[in-house]
Amino acid sequence: MNSLIENYYPTFELYQSLRMQLMDTLTDEDLMFALGGENMTLGALCRQIGETQQSYIDSFITFTQDFSYRNEQPGLAESVDRLIVWFADLDRELKSVVSALSEQDLAQRTIDRGGGFIVSPDIQMEIYKEALLIFYGKVDIYLKEMGKPRSEQWAAWID
């Protein structure tokens, strides 16, 4: 077990758990909700964070960041059940890939995010955590507009 998994990952998993708590409160109909204007549906926003996570998974394998991945699975953004399965798969894959990094990788390898933005694997994990927090902030606006309940942990961390 590397130091990133041992020291950082248990707390990081708490941030990931908010997404599953969100899924527990949503219906397929909720995923169709949009705030109007150019805003995407809630389901599309959920698909987008999964695509973002895949980009981070790939970055720990290739040591470069590429945000071009798109999940074109029909109906994904309209199905809570499909999103739950996909998110669980992504979470397992992320943990597996990060677990496979050696201490030498953590100390010496860098991830090229493009445009001269180069970070260590531990900073890459921190940046992904920030992406999750941005996602949760966006989703919170949808939930408030829909009058949906939020978990106690969600309300404590996001409000």
Side-chain angles (χ1 to χ4, degrees), residues 4-5 7-28 30-73 76-80 82-95 97-98 101 110-159:
L4 189 56
I5 290 292
N7 299 326
Y8 182 81
Y9 221 85
T11 302
F12 175 75
E13 287 177 313
L14 294 173
Y15 287 90
Q16 285 181 305
S17 73
L18 287 175
R19 191 176 53 199
M20 289 307 191
Q21 291 175 27
L22 168 67
M23 293 294 109
D24 289 343
T25 69
L26 297 178
T27 65
D28 292 351
D30 293 334
L31 295 175
M32 301 305 295
F33 181 78
L35 293 170
E38 294 184 28
N39 293 296
M40 61 183 72
T41 65
L42 179 56
L45 186 61
C46 292
R47 182 184 58 228
Q48 184 181 62
I49 193 60
E51 293 167 345
T52 299
Q53 183 169 344
Q54 184 65 59
S55 172
Y56 279 84
I57 290 166
D58 294 344
S59 78
F60 288 111
I61 297 168
T62 65
F63 295 94
T64 59
Q65 183 100 47
D66 177 3
F67 288 102
S68 65
Y69 170 79
R70 296 295 174 263
N71 187 325
E72 301 295 338
Q73 179 186 352
L76 178 65
E78 292 84 33
S79 171
V80 171
R82 288 181 187 174
L83 286 169
I84 287 171
V85 169
W86 185 42
F87 290 154
D89 289 345
L90 287 169
D91 291 350
R92 278 190 298 277
E93 186 177 3
L94 179 61
K95 188 171 187 177
V97 167
V98 173
L101 296 172
T110 57
I111 298 169
D112 184 349
R113 295 177 51 89
F117 189 13
I118 299 171
V119 298
S120 63
D122 61 323
I123 297 299
Q124 182 76 336
M125 281 298 301
E126 187 65 25
I127 294 169
Y128 177 56
K129 181 183 85 176
E130 292 171 3
L132 283 172
L133 290 172
I134 291 166
F135 165 73
Y136 296 143
K138 290 178 180 180
V139 168
D140 199 54
I141 294 166
Y142 284 73
L143 296 177
K144 286 177 180 174
E145 184 65 25
M146 294 181 338
K148 296 293 285 186
R150 295 164 298 140
S151 71
E152 186 176 319
Q153 181 182 1
W154 181 286
W157 286 24
I158 305 303
D159 270 351

Flag side-chain contact, heavy atom, 4.5 Å: L94 against Q16: yes

Counting only heavy atoms not in M32, do more than 12 fall under 6.0 Å of its CE? no

Show your working on side chain to side chain contact (heavy atoms under 4.5 Å, CB included) between E78 and T41 and close with a plain yes or no. CA-CA 9 Å; E78 292 84 33; T41 65; 5.7 Å; no

Could you check if a side-chain atom of Y128 sits within less than 4.5 angstrom of a side-chain atom of F60, using non-hydrogen atoms only? no

Evaluate the ring planes of Y136 and W154, with Trp represented by its six-membered ring, and classify them as parallel (under 30°), tilted (30 to 60°) or perpendicular (over 60°). perpendicular

Quick one: closest heavy-atom pair of A34 and Y142, and the distance? CA-CE2, 4.3 Å

Please test M146 against L26 for side chain to side chain contact (heavy atoms under 4.5 Å, CB included), starting from the C-alpha separation and ending with a verdict. CA-CA 11 Å; M146 294 181 338; L26 297 178; 4.3 Å; yes

Under 4.5 Å between any side-chain heavy atoms of T27 and F33, yes or no? no

Can D58 and Q65 be counted as having a side-chain donor-acceptor contact under 3.5 angstrom? no

I127 and Y56: which non-hydrogen atoms are nearest, and at how many Å? CG2-OH, 3.2 Å

Regarding Q54 and R70, is there a side-chain donor-to-acceptor distance under 3.5 Å anywhere? no

Looking only at atom types and distance, does a side-chain atom of S79 sit under 3.5 Å from a main-chain N or O of L76, one as donor and one as acceptor? no

Side-chain heavy atoms of W86 within contact of N71, under 4.5 Å: yes

Min side-chain heavy-atom separation F135-Q48 under 4.5 Å: no

Between R19 and C46, is the side chain to side chain contact (heavy atoms under 4.5 Å, CB included) condition met? List the steps. CA-CA 9 Å; R19 191 176 53 199; C46 292; over 6 Å; no

Determine the minimum heavy-atom distance between A77 and A44, stating which atoms define it. CB-N, 3.8 Å

Roughly how far, to the nearest 0.5 Å, is the CG atom of L31 from the CZ atom of R82? 11.5 Å

All heavy atoms of R150 vs all of A155, minimum pair found to be NH1-CA, 4.4 Å

Work out which heavy atom in I49 is nearest to a heavy atom in A131; give both atom names and the distance. CD1-O, 4.0 Å

Might you work through the side chain to side chain contact (heavy atoms under 4.5 Å, CB included) test for L143 and L22, ending with a clear yes or no? CA-CA 9 Å; L143 296 177; L22 168 67; 3.9 Å; yes

Looking at K129 and Y15, would you say the former's side chain and the latter's main chain have a donor-acceptor pair under 3.5 Å? no

Quiz question: by atom type and distance under 3.5 Å, do the side chains of Q124 and R113 form a donor-acceptor pair? yes

Any T64 side-chain heavy atom under 4.5 Å of I111 side chain: no

If we only count heavy atoms from C-beta on, is the I57 to L90 side-chain gap below 4.5 Å? yes

Heavy-atom side-chain proximity of K144 to D140 below 4.5 angstrom: yes

